[in-house]
Student: 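This is the structure, below, for whatever I ask next.
The figures that follow rest on heavy atoms only: side chains count, while hydrogens, waters and symmetry mates do not.
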Amino acid sequence: MLINKLIEASQAKVKIDLIVRGICCLRPKVEGLTDNINVISIVGRFLEHSRIYIFGPVSRQKIYIASADFMTRNTVRRVEVAAPIYDRSIQKRIREMFRVMLQDDEKGKEQDSEGIYHSRSINEAPVDSQEYFYEQAYANTRE
């Protein structure tokens, strides 16, 4: 099961950041089990969300985009695909998107070891990643 593999990785001192749309069955920050896992939930104006998977240090990073998230209905009962991203400029853009989402403290809530989500205030000015990406997408279309 995927959750067990994430726990194993956390116990091996692998730092894991998960950005989820809503629920997450994995409890982060449980001492000795998931201390190296951070879970941020972003639920905002837009229902659609990215499926980005980034593995490894930047020097050897593997980046994928996928058609689905890792919910059981998608990993057991369906055929879903993930595509590796090889283009360096697109990799850079995806890493930046992920960084912005991790900084979201307007809609981004952090899950604690009890499974409860809490508001965060980590930036001087609040960051709403969905609004940021919306503005970026339409910045070049305005005159």
Side-chain angles (χ1 to χ4, degrees), residues 1-140:
M1 178 176 225
L2 182 62
I3 289 175
N4 293 336
K5 292 298 182 185
L6 290 169
I7 291 169
E8 275 181 43
S10 175
Q11 291 174 320
K13 307 294 186 231
V14 174
K15 300 289 185 196
I16 301 168
D17 288 314
L18 300 174
I19 300 174
V20 301
R21 167 87 173 79
I23 63 168
C24 181
C25 295
L26 176 77
R27 297 274 174 91
K29 301 179 179 126
V30 175
E31 191 174 336
L33 289 175
T34 58
D35 349 41
N36 292 300
I37 299 177
N38 186 42
V39 175
I40 306 297
S41 174
I42 301 174
V43 179
R45 164 179 169 188
F46 303 106
L47 294 178
E48 195 51 45
H49 57 287
S50 56
R51 276 74 171 210
I52 297 171
Y53 302 98
I54 302 173
F55 303 99
V58 175
S59 61
R60 299 179 296 132
Q61 221 161 46
K62 300 209 181 301
I63 299 176
Y64 296 84
I65 55 173
S67 62
D69 49 33
F70 282 139
M71 294 182 76
T72 302
R73 69 171 186 241
N74 298 329
T75 59
V76 175
R77 298 185 206 122
R78 298 180 183 173
V79 174
E80 302 288 352
V81 297
I85 303 301
Y86 297 117
D87 183 279
R88 299 251 186 245
S89 65
I90 296 173
Q91 287 178 347
K92 182 178 177 184
R93 188 170 178 195
I94 289 172
R95 276 193 294 275
E96 176 62 13
M97 292 171 70
F98 198 77
R99 187 194 66 74
V100 169
M101 288 185 280
L102 284 175
Q103 292 299 307
D104 190 320
D105 59 358
E106 184 68 26
K107 302 290 188 221
K109 310 294 182 209
E110 188 166 5
Q111 186 181 20
D112 67 18
S113 62
E114 300 296 316
I116 299 168
Y117 286 98
H118 300 275
S119 296
R120 317 180 301 153
S121 181
I122 58 174
N123 303 296
E124 197 170 297
V127 171
D128 182 327
S129 60
Q130 288 188 349
E131 291 301 319
Y132 172 83
F133 296 133
Y134 179 86
E135 289 295 322
Q136 288 235 316
Y138 291 100
N140 295 331

Student: Aromatic rings Y53 and F55: how do their planes relate, parallel, tilted or perpendicular, breaks at 30° and 60°?
Tutor: parallel

Student: V14 and N36: which non-hydrogen atoms are nearest, and at how many Å?
Tutor: O-CB, 3.2 Å

Student: For a quick test of reading the model, state the closest non-hydrogen atom pair linking D35 to S10 and the distance between them.
Tutor: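 Looking at all heavy atoms of both residues, the shortest contact is N-OG, 3.4 Å.
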
Student: Name all residues meeting the side-chain hydrogen bond (donor to acceptor under 3.5 Å, both in side chains) criterion together with E110; count only those two or more places apart in sequence or in a different chain, and write none if there are none.
Tutor: K29

Student: What residues form a salt bridge (Lys or Arg N to Asp or Glu O under 4.0 Å) with K15, not counting sequence neighbours?
Tutor: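 Residues passing salt bridge (Lys or Arg N to Asp or Glu O under 4.0 Å) with K15: none at all.
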
Student: With sequence neighbours left out, what residues match R120 under side-chain hydrogen bond (donor to acceptor under 3.5 Å, both in side chains)?
Tutor: none

Student: Is there a side-chain contact between S129 and M101 in this structure, where contact means two heavy atoms from C-beta onward sitting under 4.5 Å apart?
Tutor: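 Yes, their side chains come closer than 4.5 Å.
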
Student: Would you please name every residue forming a side-chain hydrogen bond (donor to acceptor under 3.5 Å, both in side chains) with Y132, sequence neighbours left out?
Tutor: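 Result, side-chain hydrogen bond (donor to acceptor under 3.5 Å, both in side chains) vs Y132: Q136.
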
Student: Listed by chain and number, what are the salt bridge (Lys or Arg N to Asp or Glu O under 4.0 Å) partners of E106, not counting sequence neighbours?
Tutor: none

Student: For the CE atom of M97 and the CD1 atom of I52, what is their distance to the nearest 0.5 Å?
Tutor: 5.0 Å

Student: Side-chain contact, heavy-atom cut-off 4.5 Å: I94 with I65?
Tutor: yes

Student: Any chance you could lay out the side-chain contact (heavy atoms from CB on, under 4.5 Å) test for L2 and N4, step after step, and finish with the verdict?
Tutor: CA-CA 5 Å; L2 182 62; N4 293 336; over 6 Å; no

Student: Are V43 and K107 packed together at the side-chain level, in the sense that at least one heavy-atom pair is separated by less than 4.5 angstrom?
Tutor: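 Contact flag for V43/K107 side chains = no.
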
Student: Can you find a heavy atom in the side chain of Y117 that is under 4.5 Å from one in the side chain of V39?
Tutor: yes

Student: Look at the side chain of D104 and the backbone N and O of D128, then say whether any donor-acceptor pair between them is shorter than 3.5 Å.
Tutor: no

Student: Which atoms form the tightest heavy-atom contact between R27 and T34, and what is the distance?
Tutor: O-OG1, 2.6 Å

Student: State, with a plain yes or no, whether a side-chain heavy atom of N38 is found less than 4.5 Å away from one of I16.
Tutor: no

Student: Just wondering, do L6 and L26 contact through their side chains at under 4.5 Å, heavy atoms?
Tutor: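 L26 vs L6: side chains touch.
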
Student: Got a second to check how far I7's CD1 is from K5's NZ, nearest 0.5 Å?
Tutor: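 The CD1 atom of I7 sits 11.5 Å away from the NZ atom of K5.
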
Student: Can the positive tip of R51 be found less than 6.0 Å from the middle of the six-membered ring of Y64, inside 45° of the ring normal?
Tutor: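 The answer is no; the distance or angle limit is not met.
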
Student: Do you know which two heavy atoms are closest between F98 and D17, and how far apart they sit?
Tutor: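 It is CZ-O, 3.7 Å.
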
Student: Could you pull out all residues at least two apart from E124 that satisfy salt bridge (Lys or Arg N to Asp or Glu O under 4.0 Å)?
Tutor: none

Student: Work out which heavy atom in L102 is nearest to a heavy atom in I122; give both atom names and the distance.
Tutor: O-CD1, 4.0 Å

Student: Output, in order, the C-alpha distance, side-chain angles, deciding distance and verdict of side-chain contact (heavy atoms from CB on, under 4.5 Å) for K109 and S119.
Tutor: CA-CA 5 Å; K109 310 294 182 209; S119 296; 3.3 Å; yes

Student: Any side-chain heavy atom of R21 within less than 4.5 Å of one from I42?
Tutor: no

Student: Between the side chains of R93 and E96, is the shortest nitrogen-to-carboxylate-oxygen separation below 4.0 Å, so that they form an ion pair?
Tutor: no

Student: Between C24 and Q111, is a side-chain contact (heavy atoms from CB on, under 4.5 Å) present by the stated rule, with each step listed?
Tutor: CA-CA 9 Å; C24 181; Q111 186 181 20; 3.8 Å; yes

Student: Test H118 against D112 for side-chain contact (heavy atoms from CB on, under 4.5 Å), laying out the working first.
Tutor: CA-CA 8 Å; H118 300 275; D112 67 18; 2.7 Å; yes

Student: Are side-chain heavy atoms of V30 and I37 found at a separation under 4.5 Å?
Tutor: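 Not touching, per the 4.5 Å side-chain cut-off.
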
Student: Atom CD1 of I63 and atom CZ of R95: how far apart are they, to the nearest 0.5 Å?
Tutor: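 CZ of R95 is found 4.5 Å from CD1 of I63.
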
